[in-house]
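Only one structure is covered here, and it is reproduced in the block below.
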There are 2 protein chains.
Amino acid sequence: MNNLRFATSLHILSLLALQDGELLSSEYIAGSININPAVVRKEISNLRDHGLIESKEGKGGGSTLAKPAGKIWLSDIYNAVRQAPILGRSNEPNPECIIGRQINKHLQVLYADAEDALVARLRKTQLSEFIKQFV
Amino acid sequence: MNNLRFATSLHILSLLALQDGELLSSEYIAGSININPAVVRKEISNLRDHGLIESKEGKGGGSTLAKPAGKIWLSDIYNAVRQAPILGRSNEPNPECIIGRQINKHLQVLYADAEDALVARLRKTQLSEFIKQFV
DNA sequence: CATACTGTAACAAAAATAATTACAGTACAA
DNA sequence: TTGTACTGTAATTATTTTTGTTACAGTATG
């Protein structure tokens with residue numbers, strides 16, 4: 001998770017939440033985050049796939065939340081941008097070693113547990129709560 | 001944290017813990033993990049800096065745990081390999097935007113909270129417990 | 001029909017990660 | 001005291017991941 005996707009997605013969603021229904025263009029959002037509009041559109045595309053955002057094409061188009069900010073939890077955002085296990089990838093160890101043969105199985109369990117703990121924390125905060133900080 | 005360092009370090013420490021005081025060479029360890037010995041030595045160097053491993057140079061040298069496996073928690077390993085915030089890096093948003101100006105501050109708090117939750121989980125397991133799974 | 005958007009792909013650039021090579025330094029043991 | 005078998009570390013290269021850029025077809029609006 002050494003990337004910008006969580007930060008970017010949360011930024012996008014925060015802007016939309018504060019906008020309260022108004023469509024925002026990828027250009028505008030990109031200006032706020034200070035990144036390329038195409039990157040924003042890519043991230044929006046992903047958030048849309050996860051049911052967090054709706055978009056309208058064409059002139060005057062843009063994006064808005066797909067549901068109230070009170071029904072979006074930070075864990076939803078995490079799940080939307082998640083790609084690899086939170087503690088990192090695994091090696092492909094030597095199967096002839098007693099440790100090597102088994103460790104990935106145990107790592108997976110551990111990674112899942114650790115990730116559960118993280119997600120449980122994120123599930124405590126709604127987007128609506130998060131944006132209350134911006135006043 | 002999209003890398004192999006946690007998995008690699010835990011593998012190294014598991015081998016040492018099961019070896020119970022016997023010195024293990026980086027070559028042997030590398031063979032078990034199936035990676036390059038120099039990478040192992042680099043990782044060992046880091047774990048040594050964090051007080052988890054002791055090494056002996058020269059012929060017949062190698063590495064061993066710096067303390068009993070019961071006094072090493074998985075959170076210690078996490079802290080040893082940690083580099084970036086667990087949820088990823090942050091953008092450098094537009095300071096002229098009300099969100100852009102503040103979001104990194106709030107992200108930092110959130111990242112710290114989330115990381116605390118993760119670390120708390122890792123603090124529950126000792127290396128000695130982890131290796132009991134290898135029988 | 002001109003305009004202003006989105007959606008997406010293809011490509012390029014940059015950054016992070018891992019592998020490799022090399023070799024000086026150290027300890028043991030014959 | 002010398003050969004051997006290790007570690008420690010740096011320098012370099014290779015690979016993979018991540019981000020940025022460009023381009024353009026498709027869509028809605030007025």
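Every value quoted in this text rests on a predicted model; they were computed, and no experiment measured them.
In this structure, Glu92(A) atom CD and dA19(C) atom P are separated by 10 Å, rounded to whole Å. For Ile33(B) and dA19(C), the CD1 to C1' distance is 14 Å, given to the nearest whole Å. Put simply, CD1 on Ile35(B) is 13 Å from C1' on dT20(C), counting in whole angstrom units. The CG-C1' distance, from Asn3(A) to dA14(C), rounds to 15 Å in whole Å. With rounding to whole Å, Glu43(B) atom CD is found 14 Å from dA19(C) atom C1'. Counting to the nearest Å, the P atom of dT27(D) and the CG atom of Leu23(A) are 18 Å from each other.
Of all the heavy atoms in Leu122(B) and Ala114(A), the pair that sits closest is CD2-CB, 4.4 Å.
The pair Arg5(B)-Glu43(B) meets the salt-bridge criterion, with a side-chain N (NZ, NE, NH1 or NH2) lying under 4.0 Å from an Asp/Glu carboxylate O.
Residues Ser90(A) and Leu107(A) meet the side-chain proximity criterion, which asks for heavy atoms closer than 4.5 Å. The closest side-chain heavy-atom distance from Ser55(B) to Ile44(B) is below 4.5 Å. Residues Asn91(A) and Thr8(B) form a side-chain contact, since some pair of their non-hydrogen atoms from C-beta on lies under 4.5 Å apart.
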| query | Where along nucleotides 5-17 of chain D does protein come under 4.0 Å, by heavy atom, of base (B) or sugar-phosphate alone (S), with - for untouched nucleotides? | reply | BBBBB-------S
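Using a 4.0 Å heavy-atom cutoff across all strands shown, Asn36(A) reaches at least one base atom of the nucleic acid.
Within the helix from dC1(C)-dG30(D) to dA30(C)-dT1(D), the inter-axis angle between the opening and closing five-pair segments is 10°, rounded to 10°.
At most 12 heavy atoms of other shown residues, nucleotides or ligands fall within 6.0 angstrom of atom CD in Glu92(A).
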Without placing hydrogens or testing angles, list every side-chain donor-acceptor pair under 3.5 Å for residues 65-81 of chain B, not counting sequence neighbours.
residue, atom, partner, partner atom, Å
Asp76(B), OD2, Trp73(B), N, 2.9
Tyr78(B), OH, Glu115(B), OE2, 2.9
Asn79(B), ND2, Ser75(B), O, 3.1

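Neither side chain, Asn3(A) nor Arg89(B), offers a donor N or O lying under 3.5 Å from an acceptor on the other.
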